[in-house]
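Here is the structure we will look at.
Just the heavy atoms: all of them, side chains too, but no hydrogens, waters or symmetry mates, feed the values below. In listed order, ligands and their atoms are each counted from 1.
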Amino acid sequence: MSLICKKFIFITVFFIMLPAILSPVAYSSIPPGFEEFQENVKKQARKYPDIFFLQGPGSRKKIALTFDDGPDAVYTPAVLDILKKYQVPATFFLIGKNVSRYPEITSRIVSEGHTVGNHSWSHPDFRELSFSEILEQEILPTYRIIKKIAGQEHLLLRPPYGAIADETIELLGQEDWKIINWSLDTFDWYENYNEPQTILDRVLDNIHPEAIILMHSGGGNRDNTLKALPLIIEALQAKGYSFTTVNKLLF
Ligand code: ZN
C-alpha cells in the first residue's frame, strides 16, 4: 500500500470518527436504542392524545416525579423519607407482586399523599403478551391489590419498559385506562452512566414545564437515585418549579 493511500485511509477514518472524538459524553450517555424508542413513543402520544401521555398539556412550572418498580424494603422507604423532608408529592408506579410482598410500604406511600399507579404484576414486556394476558394476568390483579391495600383505584398504567403496542393502547383506552410514560428519563437505571451529578445534569439539561420525570424506587441498586433525588428537588425548586402528582398534572 502506498503512503498516499495510507494517508487517505487515516484521514477518512479520522473524519468519520470526528463526532465521537468531539463529543464522547453524548456517545456514552445514551443507552443503545434510546432514540428509536423515543421516536416511537412520541408517535404514540400524537396518535392517542387522550390515552397515551408523555407530559402535561400546558406550560405551568409543574413537574411530576415518578418512581417505578417498587415497593421494596430499602429504596422505596428511603425515597419516601426524602420526599417527606421536602414535602414533595410524587407518583409511584408499583409492581403488583411487590405490593403483595410489602403491603405496609404501599400503605405508607398513599398515607403520605402520593399517587399509586399500575406497573403490571410481574414486569413482562407487554409486546410479547396477548391483550387478555396483559389485562387478566398483569393489570387487573395489580389494580385489585392496590385498591385493597391502599384504597386507590386510579386507572393509571405505566407499561414495563414504557413499551406497548398501538393495538393494546387502543384496547386499554376503551377500558378507560390512561397510559403514562415520561418526557424526561433520568437514566438512573443505566449503570454505565448514572452518577448522581450526571443524573442531575441530565435533568437540568432537559427540564421543561409540565415534565414527567422517570426514576426508580426498586428493582435494583438505586443508591445513585437516592443521592440524586435531593439535588434534583433543590435545583428545580431554585428554578421556580413545584411538584405534583401525575393525575393532578394531567387531569
Ligand atoms: Zn419498570
Salt-bridged, Arg222 to Asp188, with N to O below 4.0 Å?
-> no
Taking both backbone and side chain into account, is any N, O or S atom of His119 nearer than 2.8 Å to the Zn ion (ligand 1)?
-> yes
Of all N, O or S atoms in His123, identify the one at the shortest distance from the Zn ion (ligand 1).
-> NE2
In Asp69, what N, O or S atom is nearest to the Zn ion (ligand 1), if we give its atom name?
-> OD1
What heavy-atom pair brings Pro71 and Ile95 nearest, and what distance separates the two atoms?
-> CD-O, 4.4 Å
Note: Gln152 and His114 closest approach over all heavy atoms is NE2-O, 3.1 Å
Parallel, tilted or perpendicular: which describes the rings of His123 and Tyr161, with under 30° parallel and over 60° perpendicular?
-> perpendicular
